Number of protein chains: 2
Amino acid sequence: MREWEISEWADDFQPVFWAAKRALTQAAEAAFAGHGVREGQQFVLLCLWREDGLPPGEIARRLGLATPTVTRTTSRMEAAGLVARRPHPTDARLVLIHLTERGWALRETLNAEARKLSERALHGLDADERREFVRMLDVLRRNLAEG
Amino acid sequence: MREWEISEWADDFQPVFWAAKRALTQAAEAAFAGHGVREGQQFVLLCLWREDGLPPGEIARRLGLATPTVTRTTSRMEAAGLVARRPHPTDARLVLIHLTERGWALRETLNAEARKLSERALHGLDADERREFVRMLDVLRRNLAEG
DNA sequence: CGAAACACGTTAGGCGGCTAACGATCAGGT
DNA sequence: ACCTGATCGTTAGCCGCCTAACGTGTTTCG
(Lines give C-alpha, C1' and ligand atoms only; values in the text may rest on other atoms or scores of the structure.)
Protein backbone atom coordinates (compact mmCIF):
# COMPACT_ATOMS: atom_id res chain seq x y z
CA MET A 1 0.00 0.00 0.00
CA ARG A 2 1.52 3.24 -1.06
CA GLU A 3 1.55 6.16 1.27
CA TRP A 4 -0.92 8.35 -0.60
CA GLU A 5 -3.46 5.62 -0.45
CA ILE A 6 -3.39 5.48 3.32
CA SER A 7 -4.62 8.98 3.83
CA GLU A 8 -5.67 11.67 1.43
CA TRP A 9 -3.27 14.26 2.74
CA ALA A 10 0.34 13.42 3.35
CA ASP A 11 -0.46 13.63 7.04
CA ASP A 12 -3.54 14.61 8.96
CA PHE A 13 -1.93 17.70 10.36
CA GLN A 14 -4.23 20.18 8.64
CA PRO A 15 -7.58 18.66 9.63
CA VAL A 16 -6.40 18.25 13.22
CA PHE A 17 -5.12 21.81 13.37
CA TRP A 18 -8.33 23.05 11.82
CA ALA A 19 -10.46 21.23 14.39
CA ALA A 20 -8.31 22.48 17.25
CA LYS A 21 -8.51 26.03 15.98
CA ARG A 22 -12.29 25.96 15.83
CA ALA A 23 -12.51 24.39 19.26
CA LEU A 24 -10.31 27.08 20.77
CA THR A 25 -12.15 29.86 18.97
CA GLN A 26 -15.50 28.66 20.26
CA ALA A 27 -14.18 28.11 23.77
CA ALA A 28 -12.68 31.60 23.82
CA GLU A 29 -15.91 33.10 22.53
CA ALA A 30 -17.82 31.33 25.30
CA ALA A 31 -15.30 32.42 27.94
CA PHE A 32 -15.39 36.11 27.03
CA ALA A 33 -18.97 36.53 25.86
CA GLY A 34 -20.27 36.84 29.41
CA HIS A 35 -18.17 39.99 29.84
CA GLY A 36 -19.34 41.63 26.64
CA VAL A 37 -16.10 40.89 24.78
CA ARG A 38 -16.07 38.90 21.57
CA GLU A 39 -13.36 36.53 20.43
CA GLY A 40 -10.62 38.54 18.74
CA GLN A 41 -11.31 41.69 20.73
CA GLN A 42 -9.30 40.31 23.62
CA PHE A 43 -6.08 40.84 21.69
CA VAL A 44 -6.94 44.45 20.95
CA LEU A 45 -7.56 44.94 24.65
CA LEU A 46 -4.29 43.20 25.46
CA CYS A 47 -2.57 45.62 23.13
CA LEU A 48 -4.19 48.68 24.70
CA TRP A 49 -3.59 47.53 28.27
CA ARG A 50 0.09 47.57 27.43
CA GLU A 51 -0.09 50.96 25.72
CA ASP A 52 -3.26 53.00 25.60
CA GLY A 53 -4.14 55.55 22.94
CA LEU A 54 -2.81 53.80 19.84
CA PRO A 55 -4.07 54.48 16.31
CA PRO A 56 -5.79 51.60 14.43
CA GLY A 57 -2.93 51.14 11.99
CA GLU A 58 -0.45 50.71 14.83
CA ILE A 59 -2.68 48.18 16.58
CA ALA A 60 -2.99 46.29 13.30
CA ARG A 61 0.78 46.32 12.90
CA ARG A 62 1.38 45.01 16.41
CA LEU A 63 -1.21 42.27 16.12
CA GLY A 64 -0.37 41.34 12.56
CA LEU A 65 -3.87 42.21 11.33
CA ALA A 66 -5.12 44.19 8.35
CA THR A 67 -6.05 47.76 9.23
CA PRO A 68 -9.73 47.49 8.21
CA THR A 69 -10.11 44.58 10.61
CA VAL A 70 -9.01 46.80 13.48
CA THR A 71 -11.18 49.66 12.27
CA ARG A 72 -14.30 47.58 12.38
CA THR A 73 -13.41 45.67 15.52
CA THR A 74 -12.75 48.89 17.43
CA SER A 75 -16.03 50.30 16.08
CA ARG A 76 -17.86 47.41 17.65
CA MET A 77 -15.83 47.77 20.83
CA GLU A 78 -16.73 51.45 20.87
CA ALA A 79 -20.41 50.57 20.57
CA ALA A 80 -19.90 48.13 23.44
CA GLY A 81 -18.35 50.88 25.56
CA LEU A 82 -14.91 49.31 25.75
CA VAL A 83 -12.94 51.97 23.89
CA ALA A 84 -13.36 55.53 22.61
CA ARG A 85 -12.00 57.24 19.49
CA ARG A 86 -10.19 60.54 19.85
CA PRO A 87 -8.51 62.72 17.23
CA HIS A 88 -4.74 63.01 17.26
CA PRO A 89 -3.72 66.43 18.61
CA THR A 90 -1.40 67.37 15.75
CA ASP A 91 -1.96 64.91 12.90
CA ALA A 92 -5.53 65.02 11.62
CA ARG A 93 -5.07 61.77 9.70
CA LEU A 94 -4.66 59.77 12.88
CA VAL A 95 -7.31 58.48 15.23
CA LEU A 96 -6.35 57.31 18.70
CA ILE A 97 -8.11 54.42 20.38
CA HIS A 98 -8.44 54.91 24.13
CA LEU A 99 -9.69 52.45 26.72
CA THR A 100 -12.76 53.49 28.64
CA GLU A 101 -13.12 52.85 32.35
CA ARG A 102 -14.99 49.72 31.48
CA GLY A 103 -12.15 48.64 29.21
CA TRP A 104 -9.66 49.08 32.05
CA ALA A 105 -11.95 47.45 34.58
CA LEU A 106 -12.07 44.20 32.63
CA ARG A 107 -8.32 43.75 32.74
CA GLU A 108 -7.99 41.40 35.68
CA THR A 109 -11.23 39.58 34.97
CA LEU A 110 -10.30 38.78 31.40
CA ASN A 111 -6.77 37.79 32.31
CA ALA A 112 -8.18 35.33 34.81
CA GLU A 113 -10.61 34.06 32.20
CA ALA A 114 -7.78 33.62 29.69
CA ARG A 115 -5.65 31.77 32.21
CA LYS A 116 -8.53 29.43 32.97
CA LEU A 117 -9.05 28.82 29.27
CA SER A 118 -5.38 28.07 28.63
CA GLU A 119 -5.31 25.74 31.60
CA ARG A 120 -8.34 23.90 30.31
CA ALA A 121 -6.97 23.71 26.77
CA LEU A 122 -3.54 22.43 27.81
CA HIS A 123 -4.75 20.12 30.55
CA GLY A 124 -2.76 16.91 30.59
CA LEU A 125 0.39 18.48 29.13
CA ASP A 126 3.29 19.13 31.48
CA ALA A 127 5.37 22.30 31.49
CA ASP A 128 7.94 20.97 29.04
CA GLU A 129 5.30 19.83 26.61
CA ARG A 130 3.57 23.18 26.78
CA ARG A 131 6.80 24.97 26.04
CA GLU A 132 7.42 22.65 23.12
CA PHE A 133 3.90 23.16 21.87
CA VAL A 134 4.20 26.94 21.93
CA ARG A 135 7.59 26.72 20.28
CA MET A 136 6.25 24.57 17.45
CA LEU A 137 3.30 26.90 16.95
CA ASP A 138 5.75 29.73 16.57
CA VAL A 139 7.85 27.72 14.12
CA LEU A 140 4.68 27.24 12.09
CA ARG A 141 3.90 30.93 12.06
CA ARG A 142 7.42 31.88 11.06
CA ASN A 143 7.49 29.24 8.34
CA LEU A 144 4.32 30.61 6.82
CA ALA A 145 5.06 34.31 7.29
CA GLU A 146 5.69 35.88 3.95
CA GLY A 147 8.12 38.80 3.59
CA MET B 1 6.24 41.45 13.66
CA ARG B 2 8.04 40.15 16.76
CA GLU B 3 6.23 42.23 19.37
CA TRP B 4 5.16 39.35 21.55
CA GLU B 5 6.62 39.55 25.00
CA ILE B 6 3.27 39.16 26.58
CA SER B 7 3.35 39.19 30.33
CA GLU B 8 -0.35 39.82 30.69
CA TRP B 9 -1.49 36.23 30.22
CA ALA B 10 -0.13 33.46 32.38
CA ASP B 11 1.58 32.14 29.27
CA ASP B 12 1.67 33.34 25.70
CA PHE B 13 -0.01 30.26 24.37
CA GLN B 14 -3.15 31.97 23.12
CA PRO B 15 -1.54 34.81 21.16
CA VAL B 16 0.93 32.41 19.57
CA PHE B 17 -1.80 29.95 18.64
CA TRP B 18 -3.89 32.80 17.30
CA ALA B 19 -1.06 34.05 15.11
CA ALA B 20 -0.27 30.55 13.86
CA LYS B 21 -3.90 29.94 13.04
CA ARG B 22 -4.18 33.09 10.96
CA ALA B 23 -0.91 32.34 9.21
CA LEU B 24 -2.07 28.86 8.27
CA THR B 25 -5.49 30.08 7.17
CA GLN B 26 -3.98 32.68 4.90
CA ALA B 27 -1.40 30.28 3.50
CA ALA B 28 -4.09 27.69 2.78
CA GLU B 29 -6.25 30.33 1.12
CA ALA B 30 -3.33 31.31 -1.09
CA ALA B 31 -2.51 27.69 -1.90
CA PHE B 32 -6.04 26.75 -3.00
CA ALA B 33 -7.28 30.03 -4.47
CA GLY B 34 -5.55 29.38 -7.77
CA HIS B 35 -7.70 26.27 -8.25
CA GLY B 36 -10.98 28.01 -7.47
CA VAL B 37 -11.25 26.49 -4.01
CA ARG B 38 -11.51 28.65 -0.91
CA GLU B 39 -10.10 27.88 2.52
CA GLY B 40 -12.53 25.61 4.32
CA GLN B 41 -13.96 24.08 1.18
CA GLN B 42 -11.02 21.70 1.00
CA PHE B 43 -12.37 19.75 3.95
CA VAL B 44 -15.77 19.37 2.34
CA LEU B 45 -14.04 18.05 -0.75
CA LEU B 46 -11.94 15.71 1.38
CA CYS B 47 -15.14 14.41 2.89
CA LEU B 48 -16.80 13.85 -0.48
CA TRP B 49 -13.74 12.25 -2.04
CA ARG B 50 -14.02 9.62 0.66
CA GLU B 51 -17.76 9.18 0.20
CA ASP B 52 -19.69 11.02 -2.46
CA GLY B 53 -23.36 11.94 -2.30
CA LEU B 54 -23.66 12.89 1.37
CA PRO B 55 -26.37 15.21 2.74
CA PRO B 56 -25.26 18.55 4.29
CA GLY B 57 -26.11 17.47 7.81
CA GLU B 58 -23.93 14.39 7.53
CA ILE B 59 -21.03 16.41 6.14
CA ALA B 60 -21.44 18.82 9.03
CA ARG B 61 -21.44 15.95 11.50
CA ARG B 62 -18.29 14.43 10.05
CA LEU B 63 -16.44 17.72 9.95
CA GLY B 64 -17.72 18.98 13.29
CA LEU B 65 -19.35 22.01 11.68
CA ALA B 66 -22.78 23.58 12.09
CA THR B 67 -25.22 22.56 9.39
CA PRO B 68 -25.83 26.10 8.06
CA THR B 69 -22.11 26.47 7.49
CA VAL B 70 -22.14 23.45 5.20
CA THR B 71 -25.32 24.63 3.48
CA ARG B 72 -23.77 27.91 2.53
CA THR B 73 -20.35 26.53 1.72
CA THR B 74 -21.81 23.91 -0.61
CA SER B 75 -23.94 26.61 -2.24
CA ARG B 76 -20.81 28.52 -3.09
CA MET B 77 -19.11 25.34 -4.24
CA GLU B 78 -22.12 24.62 -6.42
CA ALA B 79 -21.85 28.07 -7.97
CA ALA B 80 -18.17 27.34 -8.55
CA GLY B 81 -19.03 24.09 -10.31
CA LEU B 82 -17.41 21.83 -7.73
CA VAL B 83 -20.52 20.02 -6.50
CA ALA B 84 -24.18 19.54 -7.44
CA ARG B 85 -27.29 19.16 -5.30
CA ARG B 86 -29.62 16.23 -5.95
CA PRO B 87 -32.77 15.18 -4.16
CA HIS B 88 -32.74 12.00 -2.10
CA PRO B 89 -34.64 9.24 -3.94
CA THR B 90 -36.93 8.29 -1.06
CA ASP B 91 -36.64 10.99 1.62
CA ALA B 92 -37.69 14.40 0.35
CA ARG B 93 -36.19 16.11 3.38
CA LEU B 94 -32.68 15.15 2.36
CA VAL B 95 -30.45 16.75 -0.22
CA LEU B 96 -27.43 14.89 -1.50
CA ILE B 97 -24.23 16.71 -2.39
CA HIS B 98 -22.45 15.13 -5.32
CA LEU B 99 -19.04 15.96 -6.73
CA THR B 100 -18.98 17.19 -10.30
CA GLU B 101 -16.31 16.10 -12.75
CA ARG B 102 -14.42 19.23 -11.84
CA GLY B 103 -14.67 18.31 -8.17
CA TRP B 104 -13.20 14.90 -8.85
CA ALA B 105 -10.57 16.26 -11.19
CA LEU B 106 -9.08 18.48 -8.51
CA ARG B 107 -8.40 15.56 -6.18
CA GLU B 108 -4.74 14.91 -6.95
CA THR B 109 -3.94 18.56 -7.54
CA LEU B 110 -5.30 19.69 -4.21
CA ASN B 111 -3.75 16.79 -2.33
CA ALA B 112 -0.40 17.79 -3.76
CA GLU B 113 -1.06 21.38 -2.82
CA ALA B 114 -1.99 20.36 0.72
CA ARG B 115 1.14 18.24 1.08
CA LYS B 116 3.27 21.15 -0.06
CA LEU B 117 1.56 23.42 2.44
CA SER B 118 2.03 21.00 5.33
CA GLU B 119 5.65 20.53 4.41
CA ARG B 120 6.19 24.26 4.34
CA ALA B 121 4.36 24.78 7.63
CA LEU B 122 6.20 22.03 9.48
CA HIS B 123 9.62 22.67 7.96
CA GLY B 124 12.34 22.23 10.53
CA LEU B 125 10.41 19.72 12.63
CA ASP B 126 11.41 16.06 12.43
CA ALA B 127 8.97 13.17 12.20
CA ASP B 128 8.78 12.68 15.97
CA GLU B 129 8.13 16.34 16.60
CA ARG B 130 5.41 16.41 13.96
CA ARG B 131 3.70 13.44 15.56
CA GLU B 132 3.94 15.10 18.95
CA PHE B 133 2.59 18.33 17.52
CA VAL B 134 -0.43 16.62 15.98
CA ARG B 135 -1.01 14.70 19.17
CA MET B 136 -0.98 17.86 21.28
CA LEU B 137 -3.34 19.60 18.87
CA ASP B 138 -5.71 16.71 19.30
CA VAL B 139 -5.39 16.87 23.09
CA LEU B 140 -6.35 20.52 22.84
CA ARG B 141 -9.41 19.76 20.76
CA ARG B 142 -10.57 16.99 23.07
CA ASN B 143 -10.00 19.14 26.15
CA LEU B 144 -12.19 21.87 24.72
CA ALA B 145 -14.86 19.66 23.22
CA GLU B 146 -18.02 19.99 25.21
CA GLY B 147 -20.42 17.08 25.50
C1' DC C 1 4.21 78.12 -3.30
C1' DG C 2 1.75 74.70 -5.45
C1' DA C 3 1.28 70.00 -7.22
C1' DA C 4 2.49 65.37 -6.89
C1' DA C 5 3.51 61.59 -3.78
C1' DC C 6 2.61 59.50 0.41
C1' DA C 7 0.15 58.00 4.78
C1' DC C 8 -3.95 57.13 7.24
C1' DG C 9 -8.74 55.58 8.37
C1' DT C 10 -13.00 54.23 6.52
C1' DT C 11 -16.23 51.96 3.41
C1' DA C 12 -17.75 48.13 0.47
C1' DG C 13 -17.91 43.50 -0.42
C1' DG C 14 -16.46 38.58 0.06
C1' DC C 15 -15.65 34.04 2.66
C1' DG C 16 -15.71 31.14 6.98
C1' DG C 17 -17.62 30.31 11.46
C1' DC C 18 -21.75 30.54 14.61
C1' DT C 19 -26.95 30.67 16.66
C1' DA C 20 -31.89 31.27 16.15
C1' DA C 21 -35.98 30.92 13.65
C1' DC C 22 -38.61 29.05 9.72
C1' DG C 23 -40.77 25.76 6.47
C1' DA C 24 -41.21 21.32 4.71
C1' DT C 25 -41.23 16.34 5.27
C1' DC C 26 -41.31 11.95 7.66
C1' DA C 27 -42.62 8.84 11.48
C1' DG C 28 -45.52 7.46 15.61
C1' DG C 29 -49.25 7.20 18.60
C1' DT C 30 -54.08 7.59 19.23
C1' DA D 1 -56.73 8.78 9.14
C1' DC D 2 -54.93 12.38 11.69
C1' DC D 3 -52.44 15.20 14.60
C1' DT D 4 -48.10 15.55 17.09
C1' DG D 5 -43.29 15.51 17.41
C1' DA D 6 -38.66 14.57 15.16
C1' DT D 7 -35.62 15.53 11.58
C1' DC D 8 -33.72 18.01 7.83
C1' DG D 9 -32.29 22.06 4.89
C1' DT D 10 -32.48 26.85 4.30
C1' DT D 11 -32.66 31.77 5.54
C1' DA D 12 -31.32 35.77 8.30
C1' DG D 13 -28.15 38.03 10.94
C1' DC D 14 -23.91 38.53 13.85
C1' DC D 15 -18.63 38.48 14.28
C1' DG D 16 -13.68 37.78 12.62
C1' DC D 17 -10.69 37.88 8.81
C1' DC D 18 -9.29 39.58 4.25
C1' DT D 19 -8.49 42.77 -0.20
C1' DA D 20 -9.64 46.75 -3.11
C1' DA D 21 -11.14 51.24 -3.66
C1' DC D 22 -11.96 55.79 -1.73
C1' DG D 23 -11.40 60.36 0.55
C1' DT D 24 -8.84 63.26 3.33
C1' DG D 25 -4.76 65.16 5.32
C1' DT D 26 0.42 65.57 5.32
C1' DT D 27 4.84 65.79 3.33
C1' DT D 28 8.02 66.46 -0.24
C1' DC D 29 9.94 68.45 -4.14
C1' DG D 30 10.19 71.15 -8.24
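Below, read A as the first sequence line, B as the second, and so on, with proteins coming before strands; counting in each chain starts at 1. The shown structure was predicted, so the numbers you read here are calculated from the model rather than taken from an experiment.
Of the side-chain N and O atoms in A/Trp18, none sit less than 4.0 angstrom from OP1 or OP2 of C/dG16. One finds a side-chain N or O of B/Thr69 lying less than 4.0 angstrom from the OP1 or OP2 phosphate oxygen of C/dC18. Close to D/dG16, at under 4.0 Å from its OP1 or OP2, lies a side-chain N or O of A/Gln41. A sub-4.0 Å separation between OP1 or OP2 of C/dT10 and a side-chain N or O of A/Thr71 is present. A sub-4.0 Å separation between OP1 or OP2 of D/dG9 and a side-chain N or O of B/Thr67 is absent.
In this pair, A/Phe133 and B/Phe133 present their aromatic rings tilted. The plane angle is within the 30 to 60° band.
A/Leu82 is not connected to A/Leu96 by any chain of hydrophobic side-chain contacts under 4.5 Å among Ile, Leu, Val, Met, Phe, Trp and Tyr, and they are in different clusters. Side-chain heavy atoms closer than 4.5 Å link hydrophobic residues (I, L, V, M, F, W, Y) into clusters, and following such links, even through other members, never connects A/Leu48 to A/Leu94.
Rounded to whole Å, the distance from CG on A/Leu24 to C1' on D/dG16 is 14 Å. The distance between atom CG of A/Leu54 and atom C1' of C/dC8, rounded to the nearest whole Å, is 15 Å. Distance NZ (A/Lys21) to C1' (C/dC18): 13 Å, rounded to an integer number of Å. One atom, CD of B/Gln42, and another, P of C/dC15, lie 15 Å apart when rounded to the nearest Å. Rounded to whole Å, atom P of D/dT7 lies 10 Å from atom CZ of B/Arg61. Rounded to whole Å, atom C1' of D/dG16 lies 12 Å from atom CZ of A/Phe43.
For the contact set between residues 75-91 of chain A and DNA chain D, defined by any heavy atom under 4.0 Å, the members are A/Arg76, A/Thr90, A/Asp91. Looking at residues 92-105 of chain A, you'll see A/Arg93, A/Leu94, A/Val95 sit with a heavy atom under 4.0 Å from some atom of DNA chain C.
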Assess whether side-chain hydrogen bond (donor to acceptor under 3.5 Å, both in side chains) is satisfied between B/Gln14 and A/Ser118, documenting all intermediate values.
-> CA-CA 7 Å; B/Gln14 277 173 264; A/Ser118 289; 2.9 Å; yes
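A salt bridge between B/Arg130 and B/Glu119 is present, with a side-chain N of the basic residue lying under 4.0 Å from a carboxylate O of the acidic one. Looking at B/Glu58 and B/Arg62, a side-chain N of the basic residue comes within less than 4.0 Å of a carboxylate O on the acidic one, giving a salt bridge. With respect to the salt-bridge test (charged N to carboxylate O, under 4.0 angstrom), the residues B/Arg135 and B/Asp138 do not qualify.
Residue pairs meeting the salt bridge (Lys or Arg N to Asp or Glu O under 4.0 Å) criterion with at least one partner in residues 15-34 of chain B, sequence neighbours excluded, are B/Glu29-B/Arg38.
The base of D/dG9 lies outside donor-acceptor range of the side chain of B/Arg72, with no N or O pair under 3.5 Å.
The environment of A/His98 atom NE2 is dense: over 12 non-hydrogen atoms of other residues, nucleotides or ligands sit within 6.0 angstrom.
When distances run from any side-chain atom of A/Leu65 to the nucleotides D/dC18, C/dT10, C/dT19, the shortest one goes to D/dC18. Nearest nucleotide to the B/Arg22 side chain, out of C/dG9, C/dT19, D/dC18: D/dC18. Minimum atom distance to the side chain of B/Arg38 is reached by C/dC15, of the listed C/dT10, C/dC15, D/dT11.
A/Glu39 comes within 4.0 angstrom of sugar-phosphate atoms only, judged by non-hydrogen atoms across all strands, and of no base.
For B/Trp49 (side chain) and B/Gly103 (main-chain N/O), a donor-acceptor pair under 3.5 Å exists by modelled atom type.
If B/Pro55 and B/Gln26 are placed on DNA chain D by their nearest nucleotide, the residue sitting closer to the 5' end is B/Pro55.
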